[in-house]
Amino acid sequence: MKTPMFSLLFSLVLTSPAFAQSAYIISGFDDVLRQAENTGLVKAAIKIFEKDHGFTGMSVLYSEISKNERDPHFSLVSGIATWFENRVDSLLTREQFPSRRLYLRNWVTQMNLEKFKIDNVATIIDDHPGRKFIVIFDNSDASLTLADQLMNKFPAQILEVYLHQIIDKKIPSRAKAYHTAFDIAVNEYKNGRLDAGSVKNVADSILKENRLEALIPAYAVCPPNKTSTDFELPQEIEMLRGQVESHLATLCTLRKQ
């Protein structure tokens, strides 16, 4: 006799889209993997002197997307100074991210942040011939500009640019906003680059987290109570989405009280 859990997992497998090769992750750091409060220079500077915190669900997402990759499993491009390399690596290790290569900026010889990021993205693409990529950044003004430039410069290689909706703002039409790792997981499922089991693992990591600050820090906007997609989800994924949305709505309501 099949147990309810077995039935759910079995149905998740059956409803998974045809699996395509996963895309290689090119990631930002501040307000993508580290809570940086890049909403203002003063606030961001204060964060530098505080203990680093990540975003629950992101390490699970990166592990699921990159599980078939050889080392390094993803590449990180950040304008943070090279002398913070140990600090960056320490946070990523503590948060259990998979292996990575860091591209950090030498503030003496690499003054132009935009050029630094574009040049390093180009290097990563060259180092992975024939591969496709997804880019995950915050939604600072600099990242919005960079997103447009990258999609124009590498239209055949970059499949998706995800921008973390830290503050509510309009983003380039070809990019996709996200609030949590689950939003990315659902879209990667839609495009056949993640299976349903991986989506469930990301959802579970979020549902087990009862600290809103670890999902959506106080300086970030909470997501709308109900979101919509431009594609139909199978019942099992739709159920997970409803659970995640309800969980976030409950935590956001408690914050307002």
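All values reported here derive from a predicted model rather than from experimental measurement.
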State whether [X] and [Y] are salt-bridged, where the test is any N-O pair (Lys NZ or Arg NE/NH1/NH2 against Asp/Glu carboxylate O) under 4.0 Å.
X: Glu69; Y: Arg131; result: yes
X: Asp89; Y: Arg100; result: yes
X: Asp204; Y: Lys208; result: no
X: Asp52; Y: Arg94; result: no

Is any side-chain heavy atom of [Y] closer than 4.5 Å to one of [X]?
X: Lys169; Y: Leu144; value: yes
X: His179; Y: Pro224; value: yes
X: Leu248; Y: Pro223; value: yes
X: Ile26; Y: Ile158; value: no
X: Phe55; Y: Leu215; value: no
X: Leu159; Y: Arg193; value: yes
X: Asn187; Y: Tyr178; value: no

Taken to the nearest 0.5 Å, the spacing of Ser90 OG from Glu95 CD works out to 10.0 Å

Interatomic distance, CG@Asp183 vs CD1@Ile206, rounded to 0.5 Å, equals 7.5 Å

Residues pairing under side chain to side chain donor-acceptor pair (under 3.5 Å) where one sits in residues 53-62, two or more places apart or in two chains, turn out to be Ser27-Tyr62, Thr56-Glu209

field: Enclosure of Glu213 CD (heavy-atom neighbours >12, cutoff 6.0 Å)
entry: yes

With no hydrogens and no angle check, is any side-chain donor or acceptor of [X] less than 3.5 Å from a backbone partner on [Y]?
X: Lys115; Y: Gln110; answer: no
X: Ser246; Y: Gly242; answer: no
X: His164; Y: Asp31; answer: yes
X: Tyr219; Y: Glu37; answer: yes
X: His247; Y: Gln243; answer: no

key: Same cluster (ILVMFWY, side-chain, under 4.5 Å), Phe29 and Ile166   = yes

Regarding [X] and [Y], is there a side-chain donor-to-acceptor distance under 3.5 Å anywhere?
X: Asp195; Y: Ser198; value: yes
X: Arg174; Y: Asn152; value: yes
X: Ser140; Y: Ser143; value: yes
X: Gln149; Y: Glu114; value: yes
X: Thr82; Y: Asn106; value: no

Between Tyr24 and Phe133, what is the ring plane arrangement, given parallel below 30°, perpendicular above 60°, and tilted in between?
-> perpendicular

Of all heavy-atom pairs linking Gly57 and Ser205, the shortest is CA-OG, 3.4 Å

